[in-house]
Student: 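Here it is: the structure, laid out below.
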There are 2 protein chains.
Amino acid sequence: MAERSDVTRNRAAILDAARALVAEPGELRLSAVAKRAGVGQGTLYRHFADRDELLRALYEQEIDTLVALAATLIEEHEPTEALRRWFAQLAAYARVKGGVIAAVEDSVWADLSTRTHGKLGQALTGLLGAGSAAGVLRDDVDPRDVILLSWFLAHVEAEEWEVRVPRLLDVLLAGLLR
Amino acid sequence: MAERSDVTRNRAAILDAARALVAEPGELRLSAVAKRAGVGQGTLYRHFADRDELLRALYEQEIDTLVALAATLIEEHEPTEALRRWFAQLAAYARVKGGVIAAVEDSVWADLSTRTHGKLGQALTGLLGAGSAAGVLRDDVDPRDVILLSWFLAHVEAEEWEVRVPRLLDVLLAGLLR
DNA sequence: ACCTGAACACCGTTCAAGT
DNA sequence: ACCTGAACACCGTTCAAGT
């Protein structure tokens, strides 16, 4: 039976379509996602109960890279440098995937970042813990602090990105130093 | 002729209704604004061309207090302390008026904060200028940097506000010190 | 079981008719 | 001139019918 693989393929096609469309300017229309994925609107809803759930799935895929990177950086660099590099990667990611981040509503983001911290929270716990253990970072900040402070990335315009983001990350990092 | 004053009253009623409703949870529905203001939907559109324009008017009203405060603080306090107090007031404002800020879309905010910097930009120019002239603040940050970094305020949940916001403002201020 | 797409619901916006 | 509110447009979501 090839039906089962159709289901898998549809789900992937929907996510691919959503990822492509969310990067384009303007709102993400679910009808456009279904059309681009080559499925009916109902099929989209079979896989993702509502708009939030689709965005959440998209977002979770995107975040995994950053999570994996944190572990590597902690091993290979001193804590402050690890955090600096991770911020740079977060920014690079936000630049390309900004559409996803901006499209994810607060409710989804809050859910992902607080409930058992989420994967992203665990990555940040590692980075912040290494820094405070080494005595170079404040020890009174938690992962959600950093996630909140990073919200500015969702609001930087493309034209000003290169000038402004390195400076803003520098300010943020300076604020986290002990 | 009392008609002219009706126009004024309607505009004020619409803004009052919008201010009240934006503070409530959930999206701001323009039909609800018109209903609460006691006017027809068309009247709302006579005064404000679209949703953005209504939010912009609301936002501009809200921001004036902060602008006035900046001048006073610069006169009465040393630069770092002036900025610290202004941040605290910005946060207090965001807490109460958070609905307005969150409802204002990026396009509106970007427009307000970049076009000749806007009133808020001027207030921040004063605060940052005083600090960098006194040699206590970085001199490479501009008002929009601070506006961007303040976006976290729009995403803090009510329950965590008191614990988290003072710490985040402290991190932000530390990052701005020279 | 899964899929399709027409139909429904909701809300921003417009406009014909009223004063 | 200004106002009203029904009507229209758009898009998220549902569901009857098809495979």
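What you see is a predicted model; the values in this text were computed from it and never measured. Here is how names work: the chains are called A, B, and so on, in the same order as the sequence lines, proteins then strands, and each is numbered from 1.
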Student: Using 4.0 Å as the upper bound for N to carboxylate O, is an ion pair formed by A:Arg56 and A:Glu53?
Tutor: no
Student: CG of B:Leu44 versus C1' of C:dT14: gap in Å, rounded?
Tutor: 13 Å
Student: Any carboxylate oxygen within less than 4.0 angstrom of a Lys/Arg side-chain nitrogen, looking at A:Asp170 and B:Arg138?
Tutor: yes
Student: Counting Watson-Crick and G-U wobble pairs only, both distances under 3.5 Å, name the nucleotide matched with D:dG18, or none.
Tutor: C:dC2
Student: Distance check needed: C:dC11 C1' versus B:Lys35 NZ, whole Å only.
Tutor: 14 Å
Student: So what does A:Leu28 hit on the nucleic acid, given a heavy-atom distance under 4.0 Å: a base, only sugar-phosphate, or nothing?
Tutor: sugar-phosphate
Student: Please state whether the phosphate of D:dC3, meaning OP1 or OP2, lies under 4.0 angstrom from any side-chain nitrogen or oxygen of B:Asn10.
Tutor: yes
Student: Just checking B:Glu27: does its CD atom have more than 12 heavy atoms from other residues, nucleotides or ligands closer to it than 6.0 angstrom?
Tutor: no
Student: Please state how far atom CG in B:Asp6 lies from atom C1' in C:dT19, giving the value in whole angstrom units.
Tutor: 12 Å
Student: Is it true that a side-chain atom of A:Glu160 and a backbone atom of A:Glu157 form a donor plus acceptor pair closer than 3.5 Å?
Tutor: yes
Student: Go through D:dC3, C:dC2, D:dG12 for me and flag the one nearest to the A:Ser31 side chain.
Tutor: D:dG12
Student: Would you say C:dT4 has OP1 or OP2 under 4.0 Å from some side-chain N or O of A:Thr43?
Tutor: yes
Student: Which one is paired to C:dT13, where only Watson-Crick or G-U wobble pairs with both distances under 3.5 angstrom count?
Tutor: D:dA7
Student: Provide, to the nearest angstrom, the distance between the CZ atom belonging to B:Arg9 and the P atom belonging to D:dC2.
Tutor: 14 Å
Student: Classify the side chain of A:Gln41 versus the base of D:dT13 as yes if they form a donor-acceptor pair under 3.5 Å and no if they do not.
Tutor: yes
Student: Rounded to whole angstrom units, what separation is found between the CG atom of A:Leu30 and the C1' atom of D:dG12?
Tutor: 6 Å
Student: Tell me the interatomic distance from B:Arg51, atom CZ, to D:dC10, atom P, rounded to whole angstroms.
Tutor: 18 Å
Student: From CG of B:Leu54 over to P of C:dT13, roughly how many Å is that when rounded to an integer?
Tutor: 10 Å
Student: Which whole-number value in Å describes the distance from A:Arg29 CZ to D:dC10 P?
Tutor: 10 Å
Student: Categorize B:Arg46 for me: base, sugar-phosphate, or nothing, with a 4.0 angstrom heavy-atom threshold over every strand shown.
Tutor: base
Student: Could you check whether A:Asp140 pairs with B:Arg167 (Lys NZ or Arg NE/NH1/NH2 to Asp/Glu carboxylate O, under 4.0 Å)?
Tutor: no
Student: Would one find a side-chain N or O of B:Tyr45 under 4.0 angstrom from OP1 or OP2 of C:dT13?
Tutor: yes
